[in-house]
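Down below is the structure, laid out as C-alpha cells.
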Amino acid sequence: MTSTSLKPQVHGIFDPSTWTVTYVVYDKEGGACAIVDSVLDYDPKSGRTRTDSADRVIAFVKEKRLQVAWILETHAHADHLTAAPYLKARLGGKTAIGSHITTVQAVFKGVFNLEPAFSTDGRQFDHLMNDEERFAIGALAGRVMYVPGHTPACVAYQMGDAVFVGDTMFMPDVGTARCDFPGGDAKTLYQSVKKILSLPDDTRLFMCHDYPPNERAVQFETTVGEQRRKNIHVHDGISEEQFVEMRTKRDATLEMPVLILPAVQVNIRAGELPPKDDNGVAYLKIPVNAL
Ligand SMILES: [Fe+2]
C-alpha cells in the first residue's frame, strides 16, 4: 500500500436543500474513487426529480478523470433520495449498502404494502456490505463498520484515515442522529458511536449532514479527538444512560423529515422508482394515519 492510499483525498459536495454531503473519495487524479451518499433532487410539491446535485458529482469525477469503483450508501436515508442509479448509468461502479438493509426492506414493505414481487433480500443493490468487510477502491483499502442505532442497517465506511460516519454523529456542536425511526435505538447508537470514537484521535471523520447552528458556515469534517472532546451529545464522560435519556427526550420533539415517505420508498429500491402503473407513470404512496 502506498503512503497516499492511507490518506485519501476527500471532496465533499453539500446539498443545501437536504443538508446532505456527498463525498468523492480517491487516491489520485486519474485513479479509482468511491462516491458516498449521493442525492437525487426531489420536489415534494410537484413529485418531480432533478439531477443538479448528482450532476455536480459527475462534473467533479470527470474533472479528476476518476473511475468509479463503488457507489456507497451508509443507510436507507429518510431525508433525501439517492441518485445511485443515475450515477451508475453515467459513471459505472457497483452500488452497495449495509447487509441489514434486508430488515429495513421487510419493515417498509409492510408499511407501504408494496407489490408482492418486491424482494426483501437486498438484491436491488449490486453488493451488500457485512460488518468488517474489506473492499478495494483502486489502491485504497476500504473497511465496513456496522454502526446501527439511527437505523438497524447503518454502516460507516473507513478508507485510509477517513471514516464516513453516515447518520451516527454530526459536527460537535450539533451532536448525534435521531433514533426514533423504525428499528432505531438510542442505546445501540451510543455503542456504535463509541466504536467509531475508539479509532485513533487523528482519524478524520466526515459527516453525512450538517445543520449549522448560530449562523456558522457549513462544515462536515472533524476528527475522533475533536468529537471526544467537544461533541455536545457524546463527548468523553457522557454515560450511556445519560445519552439515552437525552436522545429519547429530544427525539420526542422532532418532526418527521419532509421527504421521509418518498425517500424511504425509493431508497429501499436502491434509488429506483416503483414499477410503473398501466398508464406508464410511477407512483409513490402515502399511508394515511399509519405511521
Ligand atoms: Fe438518515
Side-chain angles (χ1 to χ4, degrees), residues 5-15 18-27 32-39 53-54 57 60-61 66 68-77 79-80 82-84 87 93-101 125 127-138 140-151 153-172 174 176-177 189 192-200 202-211 218-224 226-227 231 234 267:
S5 67
L6 297 173
K7 196 169 171 59
Q9 306 200 52
V10 178
H11 180 69
I13 297 173
F14 183 71
D15 173 52
T18 65
W19 313 95
T20 304
V21 192
T22 299
Y23 293 101
V24 180
V25 192
Y26 61 106
D27 189 24
C33 74
I35 297 170
V36 184
D37 288 334
S38 65
V39 175
S53 182
V57 175
F60 181 81
V61 167
L66 302 172
V68 177
W70 291 99
I71 301 172
L72 303 172
E73 307 288 341
T74 54
H75 62 297
H77 307 275
D79 49 24
H80 68 272
T82 174
L87 293 174
K94 289 206 300 192
T95 61
I97 197 165
S99 57
H100 292 265
I101 188 64
F125 299 84
H127 185 75
L128 298 184
M129 294 284 197
N130 289 311
D131 191 22
E132 293 300 333
E133 184 168 337
R134 304 298 206 263
F135 59 100
I137 314 104
L140 266 174
R143 170 197 173 212
V144 179
M145 298 174 75
Y146 179 45
V147 288
H150 169 64
T151 79
C154 289
V155 292
Y157 296 105
Q158 181 172 17
M159 300 177 217
D161 73 330
V163 180
F164 301 85
V165 302
D167 286 2
T168 52
M169 287 165 278
F170 300 127
M171 291 301 285
V174 180
T176 53
L189 181 66
S192 292
V193 164
K194 289 293 161 181
K195 182 158 118 177
I196 295 171
L197 296 184
S198 69
L199 292 166
D202 58 355
T203 306
R204 293 183 290 165
L205 301 182
F206 292 90
M207 310 297 109
C208 183
H209 298 286
D210 188 38
Y211 310 97
V218 169
Q219 292 174 7
F220 36 78
E221 177 179 351
T222 178
T223 62
V224 164
E226 194 176 28
Q227 292 283 32
N231 187 290
V234 285
N267 292 340

Exercise for the section: Determine, step by step, whether H209 and D79 satisfy the side chain to side chain contact (heavy atoms under 4.5 Å, CB included) criterion, reporting the C-alpha distance in whole Å, the side-chain angles of both residues, the deciding distance to 0.1 Å, and the verdict. Expected result: CA-CA 10 Å; H209 298 286; D79 49 24; 2.9 Å; yes

Practice task
Answer yes or no: is there a donor N or O on one side and an acceptor on the other, between the side chain of D210 and the main chain of Q219, under 3.5 Å?
Solution key: yes

Exercise for the section: Describe, in one word, how the ring planes of H11 and F60 are oriented to each other, choosing from parallel (under 30°), tilted (30 to 60°) and perpendicular (over 60°). Expected result: parallel

Exercise for the section: Keeping the roles fixed (side chain from Y157, backbone from E73), state whether a donor-acceptor pair exists under 3.5 Å. Expected result: yes

Exercise for the section: Output the distance between atom CD1 (I101) and atom NE2 (H75), rounded to the nearest 0.5 Å. Expected result: 9.5 Å

Handout entry: Close side-chain approach of M159 to V36, heavy-atom, < 4.5 Å
Key = yes

Handout entry: Electrostatic pair R143-E132, nearest N-O below 4.0 angstrom
Key = yes

Exercise for the section: Write down the atom of A156, the atom of V163, and the distance for their closest heavy-atom approach. Expected result: CB-CG1, 4.0 Å

Handout entry: Between N130 and S99: side-chain donor-acceptor atoms closer than 3.5 Å
Key = yes

Exercise for the section: Please name the pair of heavy atoms, one in P8 and one in G160, separated by the smallest distance, quoted to 0.1 Å. Expected result: CD-CA, 4.0 Å

Handout entry: Side-chain donor/acceptor of T203 to backbone N/O of V224, under 3.5 Å
Key = no

Handout entry: Taking every non-hydrogen atom, the tightest pair across A32 and G138
Key = CB-N, 3.5 Å

Problem - Parallel, tilted or perpendicular, as decided by the 30° and 60° cut-offs, for the rings of Y23 and F220 - result: perpendicular

Exercise for the section: Check whether any side-chain N or O of D131 sits under 3.5 Å from a backbone N or O of Y146 as a donor-acceptor pair, and report yes or no. Expected result: yes

Practice task
Please assess W70 against I137 for the test side chain to side chain contact (heavy atoms under 4.5 Å, CB included), listing each intermediate value before the final yes or no.
Solution key: CA-CA 7 Å; W70 291 99; I137 314 104; 4.0 Å; yes

Exercise for the section: Output the distance between atom CD (Q9) and atom SG (C33), rounded to the nearest 0.5 Å. Expected result: 11.5 Å

Practice task
Verify whether one side chain among H80 and D15 offers a donor that lies under 3.5 Å from an acceptor in the other.
Solution key: no

Exercise for the section: Go through F135 and H127 one step at a time and tell me if the side chain to side chain contact (heavy atoms under 4.5 Å, CB included) criterion holds. Expected result: CA-CA 11 Å; F135 59 100; H127 185 75; over 6 Å; no

Completion exercise
Heavy-atom nearest pair, S38 first then A83, reads OG-N, 3.1 Å

Problem - side-chain hydrogen bond (donor to acceptor under 3.5 Å, both in side chains), paired with D37, selected from T22, T20, T74 - result: T74

Practice task
Mark yes or no for whether N267, through its side chain, and H77, through its backbone, hold a donor-acceptor pair below 3.5 Å.
Solution key: yes

Exercise for the section: Using the side chain to side chain contact (heavy atoms under 4.5 Å, CB included) rule, take I13 and V21 through it: C-alpha gap first, then chi angles, then the decisive distance, then the call. Expected result: CA-CA 5 Å; I13 297 173; V21 192; 5.8 Å; no

Exercise for the section: Say whether, by atom type as modelled, one donor and one acceptor occur between the side chain of Q227 and the main chain of F170 under 3.5 angstrom. Expected result: yes

Problem - Any side-chain heavy-atom pair of T168 and H150 under 4.5 Å - result: no

Problem - From N231 atom CG to M169 atom CE, the distance as rounded to the nearest 0.5 Å - result: 7.0 Å

